[in-house]
Structures are given as C-alpha cells and as structure tokens.
Amino acid sequence: MNRPEAVEVPKLLASSYARTFGEAGRAWIAALPALAAELLDRWELRRDGEPGAGEASLVLPVLRRDGTPAVLKLQMPRQETTAALIGLRAWDGDGMVRLLDHDPESSTMLLERLDGARTLTSVQDDDVAMGILAGLQARLHSVPAPQGLRSLGDIATEMLEQVPQAAAALADPADRRHLHAWASAVAELAGDPGDRMLHWDLHYDNVLAAEREPWLAIDPEPLTGDPGFDLWPALDSRWDAAVAKNDTHRVVRRRFDLLTEALGLDRTRAAGWTLGRLLQNSLWDIEDGRTTLAPSHVAIAEALSDR
C-alpha cells in the first residue's frame, strides 16, 4: 500500500487542545500526524477528502480496503472517549453511527461514514425534525446501560455540592434564586437517577443523514441515568433561528411535549431532570467565569414551569 500522505492538523483543533489541556494537549497534537499515518497504514485506509475538525477531534474521510467509505476519528484518550466507545459498542449501530474498528491504546475510532453536510437542522419543519430526533432517542434509551459509565446519581451529588459557592458568584439575586430552585429539583430526584444509557448531547447537529437509515445519531457522550436528563440539547436546538425569534415558551413547551410523549416519560420527572441539566450547564459557565445565567436556560426553565 502507498505511504499515506501527511496529515495537517487544523489550527482550530491545535488551539483548542493547547487551551484546554496545556502542555499535554500540545504534545498530543504534535504526535497526531504520526499517529494518523500509523493507523491509516495499519487498517489499510486511503484518504478520501479533506480533514474535518472541531474542538475535540480530527476526522479523516477514508476508504477501506474494499472501497467502503468510512471516517477515522482521532481524539485524546480521556473519560469521554472511553464512554463513547462503550456506548458505540452497546448500541451497535441501532439509531447510532456504527463503530467499525477502534484502537484501544489511542482511543481512535473507525466509523461508518454519514453525510456530514446534511444535519437534522436542514429539516425546516420543527415538529418533523423533533419527531425524528425523538424516535432516535427512544431507540438509544431502550438499551440498558453497560458497566463502565458514569452515573447520573454521582453527577447529581457533585452538582449539589457545588451550588453554594456557584450561587455566590452570580451577580443578580434572581439568577441566584433560579440556581437554587434548579438544585432543589435535582435534590428531589437524586435518589432515583435511572438506569438507561443516555446520549447526553443529542441535538439537531448531532443527527446526520445516512444511507443505511435516513438519519443516525453521532458523537455520543454516554452516561447512565434518567432519560429526562437527555432532553435539554433537543430543547435548545436551533435556538436563535427557530426558538428565540418566535414565542419562546410556546416552542419549548411544544418540543417538550413531543419528546416526553415519544419517550413515554413522566413529565414532572422529565421537567425536573431538565432543570438539572440547566444546573449542570450553569455550573460549568460559572466555573469558566460567567456571573450571569444564560438567557436561554432561564427561558427554558420558565417555559417548563408553565406546564
């Protein structure tokens, strides 16, 4: 097989790793071209297009030895990549992009190739798009969580411990009241955190068109928990284009109703765990230096309080 052409690391990925992981991130980026070349050679893959990258991974379109299109996804080994591999093996392509091979040492994945140019955002009718997402989510949640994933119960405990210090960092008393209210909702549910395998980041841009099925989910960050904790990314999808410019509360409530009906969820519990997701996101924002809550988080909380 011909020697693979050298892989150029996109600047966005390099700067993201340097910012997030410091010296360890810079070292991983420096070693990335050699790692990619080694895996292309080992798995007998041919490059088949320009590389893509986000803030966490390098994605190389490739052809397998038999001509089958695939993508090589390379990212630094960490808890999230280990969880993704566990989830991909358990779902085995049911509603999810299929894992074709992986390298345990580097956490590199060889995945079936989907249509990266066509996400669920391209479906203009929001009810149709949300129905497609809900159908995929129902399939993903039907799989019992395997061993090795983080538990929502542990996450809930950690969040509640962080609330007093985080609330003190918020400038607006109204924001502090919201944060404490969301924490109270989590405290009521934390004793029964659920046992389903959650995608954790299923929004419109993480659903791609495919040949094997019309639409498949990608980029899971699995954990074990209640499906209600998985709703926020869908509620927040296409926020500026489809939600904020319209009747925000009405759109959020419509999406929430479609999701909970399709998933067969108790709406009170689902609303409570969605507030838990708003709490988690807000704690991360505050840790990053924000002193106000995201307006979209407050809007979603207010919409759910009207149910």
Side-chain angles (χ1 to χ4, degrees), residues 87-88 90-98 114 118-145 149 152 185 189 192-210 212-239 241-243 246-278 280-281 296-297 299-307:
L88 288 168
W91 281 310
D92 193 24
D94 187 0
M96 174 66 64
V97 64
R98 178 164 283 140
L114 309 183
R118 191 154 65 96
T119 73
L120 200 51
T121 302
S122 65
V123 177
Q124 294 302 306
D125 188 311
D126 197 60
D127 281 2
V128 172
M130 193 58 58
I132 292 168
L133 185 147
L136 290 172
Q137 201 162 50
R139 292 164 65 184
L140 300 180
H141 291 168
S142 70
V143 177
L149 298 177
L152 179 54
L189 297 170
D192 184 15
D195 63 356
R196 297 289 94 183
M197 184 161 55
L198 310 184
H199 181 290
W200 193 81
D201 196 26
L202 192 59
H203 51 76
Y204 286 176
D205 286 334
N206 272 346
V207 178
L208 300 185
R212 180 165 57 87
E213 295 192 31
W215 301 96
L216 290 168
I218 63 167
D219 287 349
E221 300 180 30
L223 58 94
T224 301
D226 188 291
F229 197 68
D230 230 5
L231 303 187
W232 169 78
L235 297 176
D236 192 67
S237 286
R238 205 161 50 191
W239 184 267
V243 182
N246 294 306
D247 181 346
T248 303
H249 287 191
R250 182 190 62 78
V251 175
V252 170
R253 289 194 297 267
R254 174 65 176 167
R255 289 178 165 187
F256 182 78
D257 288 347
L258 287 170
L259 287 166
T260 52
E261 181 176 356
L263 299 173
L265 301 183
D266 176 276
R267 295 187 180 189
T268 301
R269 284 183 59 83
W273 279 122
T274 300
L275 297 181
R277 193 62 181 275
L278 301 180
Q280 183 181 56
N281 294 343
S296 63
H297 290 8
I300 288 173
E302 290 174 346
L304 296 184
S305 71
D306 293 340
R307 294 310 303 141

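Side chains included, hydrogens not; waters and symmetry mates left out as well; all remaining heavy atoms used. Source: prediction; values computed, not measured.
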Contacts of H141 that satisfy ring-ring contact (aromatic ring centres under 6.0 Å, His included) - sequence neighbours left out |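 Partners of H141 by the ring-ring contact (aromatic ring centres under 6.0 Å, His included) criterion come out as none, since no residue qualifies.
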Check whether any side-chain heavy atom of [X] sits under 4.5 Å from a side-chain heavy atom of [Y], and report yes or no.
X	Y	value
Q280	F229	yes
W200	D230	yes
P144	D195	no
L208	R118	no
L140	Q137	no
D126	R255	yes
L259	L133	yes
M130	R254	no

Where do S142 and R196 come nearest, in terms of heavy atoms and distance?
->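 Looking at all heavy atoms of both residues, the closest pair is O-NH1, 3.3 Å.
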Would you name the heavy atoms of D94 and R139 that are closest together and state the gap between them?
->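 Scanning both residues, the minimum pair turns out to be OD1-NH2, 2.8 Å.
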Report the residues that fulfil side-chain contact (heavy atoms from CB on, under 4.5 Å) with V143, sequence neighbours left out, ordered by chain and then residue number.
->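 Result, side-chain contact (heavy atoms from CB on, under 4.5 Å) vs V143: A90, W91, M197.
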Without swapping roles, check the side chain of N281 against the backbone of H297 for a donor-acceptor pair under 3.5 Å.
->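 Side chain of N281 to backbone of H297, a donor-acceptor pair under 3.5 Å: no, none is there.
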Residues T260 and R267: side-chain donor-acceptor under 3.5 angstrom |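 T260 vs R267: donor-acceptor pair found between side chains.
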Stepwise side chain to side chain contact (heavy atoms under 4.5 Å, CB included) check, D226 with L189 | CA-CA 10 Å; D226 188 291; L189 297 170; over 6 Å; no
